[in-house]
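Here's the structure, in structure tokens; my notes come after.
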Amino acid sequence: MTSEAIQARLKTIVQPYVNHHENFENLSLESDFIADLEINSANLVDVVLDVEDEFDIRIENEDMEKMTNVKATVEVIQKKLS
Amino acid sequence: MIGNDIVDLAKAREESNVFRPRYLEKICKDTEISIVKSSLYPVETFWRIWTMKESAYKAWQRNLKTIPAFNPLAFKCELKNSKEGVVYHKSSLLSTKTTQTADFIYSEVISTKGNRCFFGSNEEFLDLIKLQYTLNSVPELNKTNLGLPFLIINNKLLEVSKTHHGKYQVFQY
């Protein structure tokens, strides 16, 4: 799956947890979940679990640790799918 | 060291289902899951552990100048009594104090320096600082490049930890 396709599905996943809607509309690889999208840190776990369900993968702790922005999350998903 | 974290329980009920499958396992170690599941108030006990981990993480992050990472399983909590607890991370530990009401759960790291805490808005906090330090003007709340708040008071650095969730905001300094 291309990075763009993963990013598009990730955008749908994070939407319910976003508190900064303008930054969400302009979501890019550089967007940070907490600083830019203002996702509550307790909801980062929901993002990880939703990613697991959506892509039918399991994410270990060392990968979860990196999943604080769009770029790193897309990379983790890509690695798992390859 | 400073680090604090608050959970507005009404907001948390809207935002999070901590009993969602695999949720607890992403955040809590086995010993902590046992504590949560055997508690009379499992949701509140979970949020207590969560706020302890977050406040300790914030304190270490400031101290070690590390970049933000999301690794709640790297922190292990022990509850001493209804207020006090200890958070372990690698070879370090920090003591924490938790305040719990029907509406919120608030944890902060305990420092030997005896830190203060204040519940309120940015403006109220800065007005209080102006009074406490008898300043001529209201100081400005700055942030480091890691996003950690600080004040400059009479040319001296005053580190501030700020937590905000739902209706509540708390400063530790």
Side-chain angles (χ1 to χ4, degrees), chain A residues 6-7 10 12-24 27-80, chain B residues 3-30 43 46-58 61 66-76 89 105 107 143-149 162-166 168:
Chain A
I6 293 173
Q7 189 181 324
L10 182 61
T12 312
I13 288 174
V14 300
Q15 186 166 22
Y17 311 113
V18 165
N19 287 303
H20 197 301
H21 299 284
E22 196 186 322
N23 285 347
F24 173 75
L27 184 131
S28 73
L29 276 180
E30 310 312 314
S31 303
D32 186 276
F33 290 155
I34 293 177
D36 300 323
L37 305 182
E38 296 182 3
I39 295 177
N40 185 318
S41 49
N43 285 137
L44 282 187
V45 184
D46 293 294
V47 171
V48 172
L49 292 173
D50 290 349
V51 163
E52 288 187 343
D53 292 340
E54 170 74 16
F55 295 94
D56 197 21
I57 53 178
R58 285 293 175 268
I59 291 160
E60 292 86 27
N61 192 39
E62 52 270 31
D63 283 327
M64 181 168 90
E65 194 173 312
K66 302 173 206 145
M67 292 172 63
T68 58
N69 60 62
V70 172
K71 185 166 181 277
T73 304
V74 168
E75 282 168 3
V76 167
I77 297 168
Q78 243 171 349
K79 191 180 83 183
K80 288 281 164 191
Chain B
N4 65 350
D5 195 61
I6 194 159
V7 166
D8 177 331
L9 290 169
K11 183 139 176 77
R13 273 191 290 274
E14 284 169 28
E15 288 177 342
S16 301
N17 169 17
V18 306
F19 298 117
R20 173 181 182 177
R22 315 197 302 282
Y23 187 91
L24 282 183
E25 288 79 1
K26 292 268 189 240
I27 295 171
C28 295
K29 296 194 166 281
D30 291 346
V43 175
F46 168 77
W47 289 121
R48 178 178 173 192
I49 288 172
W50 170 265
T51 57
M52 285 171 65
K53 288 189 186 215
E54 284 276 299
S55 53
Y57 165 76
K58 288 177 188 173
Q61 186 201 20
T66 48
I67 54 157
F70 184 60
N71 53 356
L73 284 170
F75 301 85
K76 180 174 171 280
H89 176 60
I105 293 178
S107 293
K143 274 186 178 180
T144 69
N145 53 0
L146 289 177
L148 304 171
K162 178 171 120 169
T163 175
H164 172 250
H165 188 229
Y168 302 101

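So you know, we letter chains A, B, ... as the sequences are listed, proteins then strands, and number each from 1.
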Please round to the nearest 0.5 Å and tell me the distance separating atom [atom1] of [X] and atom [atom2] of [Y].
X	Y	atom1	atom2	result
His165(B)	Ser41(A)	NE2	OG	8.5 Å
Ser16(B)	Asp46(A)	OG	CG	5.5 Å
Asn40(A)	Glu15(B)	CG	CD	4.5 Å

Exercise for the section: Indicate yes or no: at least one non-hydrogen side-chain atom of Arg22(B) is less than 4.5 angstrom from one of Asp53(A). Expected result: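 In contact.
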
Practice task
Could you tell me whether Glu60(A) atom CD has more than 12 heavy atoms of other residues or ligands within 6.0 Å of it?
Solution key: yes

Exercise for the section: Assess whether atom NZ of Lys71(A) is packed by more than 12 heavy atoms of other residues, nucleotides or ligands within 6.0 Å. Expected result: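 Atom NZ in Lys71(A) is not packed in, count stays at 12 or less.
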
Practice task
Tell me, for Tyr17(A) versus chain B, whether the close heavy atoms (under 4.5 Å) come from the side chain, the backbone, both or neither.
Solution key: side chain

Exercise for the section: Counting only heavy atoms closer than 4.5 Å, note whether Met64(A) contacts chain B via side chain, backbone, both or neither. Expected result: both

Practice task
May I have the step-by-step check of side-chain contact (heavy atoms from CB on, under 4.5 Å) for Val45(A) and Phe70(B), ending in yes or no?
Solution key: CA-CA 9 Å; Val45(A) 184; Phe70(B) 184 60; 3.5 Å; yes

Practice task
Taking Lys26(B) for its side chain and Asn61(A) for its backbone only, find out whether a donor-acceptor pair lies under 3.5 Å.
Solution key: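 Absent.
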
Handout entry: Test: Asp50(A) and Arg20(B) ion pair at under 4.0 Å
Key =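 Salt bridge between Asp50(A) and Arg20(B), a charged N being under 4.0 Å from a carboxylate O: yes.
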
Problem - Closest non-hydrogen atom pair between Tyr23(B) and Ala42(A), with its separation - result: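 Closest approach of Tyr23(B) to Ala42(A), heavy atoms only: OH-O, 2.9 Å.
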
Exercise for the section: Please assess Lys66(A) against Asn71(B) for the test side-chain contact (heavy atoms from CB on, under 4.5 Å), listing each intermediate value before the final yes or no. Expected result: CA-CA 8 Å; Lys66(A) 302 173 206 145; Asn71(B) 53 356; over 6 Å; no

